[in-house]
Amino acid sequence: MQLQDIFVKPVDRTIEGVIKADDMASLQLEVEEYVITNEVTRSLEQFLSAYTDYQGANGVWISGFFGSGKSHLLKMLALLLENQEINGKSALEYFQSKVDDDAAMLKGDLGRAANIPSKSILFNIDQKADTISKKEIDAVLRVFVKVFDEMRGYYGKLGYVAQFESDLDKRGEYEDFKAAYQSVAGRAWAIGREEVMFEKLNIAKAYAQISGTDVESNKKIMDAYREEYKMSIEDFAKEVDAYIQRQVPGFRLNFFVDEVGQYIAGNVKLMTNLQTIAESLATKCKGQSW
């Protein structure tokens, strides 16, 4: 018998040294090979108890030394709480199969948490940040706004464009606008919005079509959005709450932020920014956003 024959998995396969938040290609392997240790079991029990019985706190900080599995655990929680299907099997099934039969309470907690309707936004904060300087006190907020906009299908790279899209959506005109833009510009809005400064005339024509107004009065609509756009932490929390209220009853929107400790790196202003975001989401969303 060869040594490799005693292992269930091929030991000569490529093994990623680091779990990446945005890597969706290896989900099944990452879930199958995740090990729920005794320490993870204790931490999961505490977390799931808080998550299923909200008492005011809506933030969890995962700490550990380099290579201890922080990113892996974060990713697994994102999959579990959304109960994402992975190759025909739910994340809950994968997790419950890993729990010993004598841990019936943990199995029950896993089921209760996964059955809460939710959406997970998992991202590496340094990767998603557009700003070069982290000295800007709203650097963390900008990333949260960006990933939230992208999750809703808006153009997260330019906040004022996303706000324009959001306002159209709230009025039930977004789909009509995209169709009108396609007709006017000859290409999809998802492409055109990346060159928004060159597309002002086409945007004005498309909006004029759906609003019944004249083109001339709409030529500066994007300039107005750019000049007026602002987003405070309170505004962001309100937007998140408004999105949640449009979903099924009990829905939750959860943010899973990878490498945030490294991104903040001792910057007190950024740490305060993050803390205030968590507190505002708790206040405005009443436990429906973690």
Side-chain angles (χ1 to χ4, degrees), residues 9 11 13-84 86 91-92 94-100 103 105-107 109-110 113-114 118 120-129 134 139-140 143-144 147 252 254-279 281-282 289-290:
K9 300 283 186 180
V11 294
R13 73 191 190 282
T14 301
I15 299 176
E16 289 287 345
V18 178
I19 298 297
K20 304 177 184 69
D22 64 330
D23 181 10
M24 298 294 114
S26 308
L27 283 185
Q28 183 174 3
L29 190 63
E30 291 173 2
V31 174
E32 285 179 345
E33 298 195 348
Y34 187 73
V35 178
I36 300 182
T37 63
N38 291 335
E39 184 177 0
V40 170
T41 296
R42 290 192 295 270
S43 298
L44 268 179
E45 288 173 344
Q46 293 178 341
F47 168 70
L48 294 173
S49 176
Y51 184 77
T52 54
D53 184 23
Y54 174 69
Q55 296 293 330
N58 69 325
V60 176
W61 185 279
I62 301 175
S63 62
F65 55 84
F66 179 80
S68 60
K70 301 184 297 297
S71 295
H72 202 169
L73 174 58
L74 183 77
K75 194 170 186 177
M76 294 303 101
L77 287 174
L79 295 172
L80 171 66
L81 296 188
E82 190 176 318
N83 200 15
Q84 186 171 329
I86 306 164
L92 176 61
Y94 282 105
F95 267 81
Q96 287 188 327
S97 68
K98 298 174 184 292
V99 179
D100 294 335
M105 185 170 292
L106 177 57
K107 282 191 174 183
D109 288 342
L110 287 169
S118 71
S120 296
I121 303 180
L122 172 67
F123 61 100
N124 180 313
I125 190 168
D126 202 27
Q127 186 182 63
K128 282 292 185 180
K134 297 178 187 176
V140 174
V143 183
F144 271 78
V147 298
R252 296 190 184 185
N254 301 315
F255 296 86
F256 296 84
V257 195
D258 198 17
E259 303 294 351
V260 69
Q262 184 174 330
Y263 184 79
I264 291 171
N267 188 318
V268 176
K269 290 182 179 179
L270 294 183
M271 186 68 226
T272 303
N273 201 218
L274 177 63
Q275 181 180 343
T276 307
I277 290 171
E279 291 174 349
L281 287 175
S289 182
W290 282 59

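Side-chain atoms are counted along with the backbone in the values below, which use heavy atoms only and exclude waters and symmetry mates. A quick note: this is a predicted structure, and the numbers were derived from the prediction, not measured. By convention here, the first residue in the shown sequence is residue 1.
- To the nearest 0.5 Å, atom CG of residue Asn254 and atom CG of residue Leu77 are 10.0 Å apart.
- For the pair Phe95 and Met76, the minimum side-chain heavy-atom distance is below 4.5 Å.
- For Thr276 (side chain) and Thr272 (main-chain N/O), a donor-acceptor pair under 3.5 Å exists by modelled atom type.
- A donor-acceptor pair is defined here as one N or O able to donate and one able to accept, closer than 3.5 Å; such a pair exists between the side chain of Ser97 and the backbone of Tyr94.
- Rounding to the nearest 0.5 Å places CG of Asn267 at 11.5 Å from CG of Leu274.
- For the residue pair Ala282 and Gly56, the shortest heavy atom distance occurs at CB-O, 4.0 Å.
- Within the 3.5 Å criterion, the main-chain N or O of Ala129 finds no donor-acceptor partner in the side chain of Tyr263.
- The NE2 atom of His72 sits 12.0 Å away from the CG atom of Asp258 when rounded to the nearest 0.5 Å.
- Rounding to the nearest 0.5 Å gives a distance of 11.5 Å between OH of Tyr34 and CG of Leu79.
- The closest donor-acceptor contact from the side chain of Asn83 to the backbone of Leu92 lies under 3.5 Å.
- Classified by interplanar angle (parallel below 30°, tilted 30° to 60°, perpendicular above 60°), the ring pair Phe255/Phe144 is tilted.
- Residues Leu48 and Leu106 meet the side-chain proximity criterion, which asks for heavy atoms closer than 4.5 Å.
- Across all non-hydrogen atoms, the minimal contact from Leu270 to Ala139 is CD2-CB, 3.8 Å.
- Looking at Gln96, its side chain does come within 3.5 Å of a backbone N or O of Lys107 through a donor-acceptor pair.
- In this structure, Glu259 contributes its side chain and Asn124 its backbone to no donor-acceptor pair below 3.5 Å.
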Task: Audit row: Lys75, Leu27, side chain to side chain contact (heavy atoms under 4.5 Å, CB included) steps and yes/no - done: CA-CA 9 Å; Lys75 194 170 186 177; Leu27 283 185; 3.6 Å; yes
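- The two residues Ile125 and Val260 make their nearest non-hydrogen contact at CG2-CA, 3.8 Å.
- Judged by distance alone, with hydrogens and angles left aside, the side-chain atoms of Lys70 form a donor-acceptor pair with the main-chain N or O of Gly64 at under 3.5 Å.
- Of the candidates Val35, Ile36, Val40, Ile36 is the only one forming a side chain to side chain contact (heavy atoms under 4.5 Å, CB included) with Lys98.
- In this structure, Arg252 is positioned above the aromatic face of Tyr51, its NZ or CZ under 6.0 Å from the six-membered ring centre and within 45° of the axis.
- Remark: Leu44 CG to Ser49 OG distance equals 12.0 Å, nearest 0.5 Å.
- Asn58 contributes a side-chain N or O that, together with a main-chain N or O of Ala278, makes up a donor-acceptor pair within less than 3.5 Å.
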